[in-house]
Amino acid sequence: MKIADRLQNKKRDPGPPRQKRTVRGLRGVRKARRLWDGGNAQVKDLLCSIGFLGPSVTGVTLFFIAPFLVVVYYSVIRSPLNPEFVGLDNFIAVLKNSSFQTAAKNTALFSVMAVPLAVVLSLALALLLECRIPCKSLFRTFFLSPMMVPVASVVLIWQVVFHYRGTLNVVLANFGVEPVDWLNSPYCLLVIVVLFLWKNLGYNMILFMAALNNIPKELLEVADVEGASAAHKFFNIKLRYLSPTVLFVAILSIINSFKVFREIYLLTGNYPYVGLYMMQHFMNNVFEQPDYQKMASAAVVLALVMVALIALLFKAEDIFGKDVEG
């Protein structure tokens, strides 16, 4: 029994081999550390950058760039089953399509109305909250509360308010105004603009408030000593330092204006009143047919328009704020 116990203990005792492996591992780590410390600083910075950026670049490539390249490929062929190169024929067909023209016109009109209002009103609210006014915290909470409300609840509120027998028509009836079916009338776009502003003003306001706090107080104090007016301080000091934030808020508002399809779809469905037929309606309906070439061509056109708009905004901000940014 003693001999058997000794043999069994020897089998269970992995001490010496593990110690040897541990020593070898430590030597390897130390050797790699010495090689790293003695390496070129630029090479080390490059390797560190690749290590940190690699996962993000890989994810963006797999889930954004590669799918977009597939969309571009679909836009220049006849069909997935017949991959014949047709050049710009799909783009010409889409641009001549009446539904695409209606959707593009409505989307552009909505963006032209909603985006400048979102930027200007949120900046005005931030400037107002910078002043000494009563109930400032309550005022801030009122504009931030839409960020916590789910989309379904927002849509329900708008249906109750703007329905033909809704709250707004009941209130207007007391003043002798005839009831209006707001979502199926020429006023439909104004209803969605109000919804867009109500949802996005609070977040934009917070961004502007943070940017206003970063303006050097010394410049404003010097302007006060020299007797500068409030308009002069705003246009020549504050607005110049706010130009990067204005650019960011404008880009964010443009992106959100193209995402308003979610609320419109929940309010009106796939085929709303003609004034609410947006680009996302067109793509969604084309996808159900399915007509991948038409959808891909519309997506590429929309992407090009977005890139052009953002490039113009960057150029304007560079011209307006270059003396401030140095």
Discussion item. side-chain contact (heavy atoms from CB on, under 4.5 Å), that's the test. Do M278 and I264 meet it? Break it down for me.
Written reply: CA-CA 9 Å; M278 300 291 180; I264 298 176; 3.8 Å; yes
Worksheet item: Going through the checks in order, is the salt bridge (charged side-chain N to carboxylate O under 4.0 Å, His left out) test met by K233 and D224?
Response: CA-CA 9 Å; K233 289 191 295 183; D224 290 333; 2.7 Å; yes
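Considering all non-hydrogen atoms of both residues, L276 and P272 come closest at O-CG, 3.6 Å. Contact detail for N204 and S253: the closest heavy-atom pair is ND2-OG, 3.6 Å. In plain terms, the two heavy atoms of H163 and Q159 that are nearest each other are CB-O, 2.9 Å.
Under the ring-ring contact (aromatic ring centres under 6.0 Å, His included) criterion, the residue pairs touching residues 197-233 are W158-W198, with sequence neighbours excluded. The list of ring-ring contact (aromatic ring centres under 6.0 Å, His included) pairs with a residue in residues 78-123, not counting sequence neighbours, reads F100-F282, F110-F196.
A donor-acceptor distance shorter than 3.5 angstrom exists from the side chain of S185 to the backbone of W182, with no hydrogens or angles considered.
Evaluation of the side chain to side chain contact (heavy atoms under 4.5 Å, CB included) rule for V222 yields E226 as partners, not counting sequence neighbours. In terms of the side chain to side chain contact (heavy atoms under 4.5 Å, CB included) criterion, residue partners of P179 (sequence neighbours excluded) are, by chain and number, Y164, N169. In this view, Y277 and N285 satisfy the side chain to side chain donor-acceptor pair (under 3.5 Å) rule, not counting sequence neighbours. Residues that satisfy the side chain to side chain contact (heavy atoms under 4.5 Å, CB included) test with Q101, not counting sequence neighbours, are absent from this structure.
Two residues are said to be in side-chain contact when any heavy atoms from C-beta on lie closer than 4.5 Å; S75 and Y292 fail this criterion.
Within a 6.0 Å sphere centred on CZ of F287, other residues, nucleotides and ligands contribute 12 heavy atoms or fewer.
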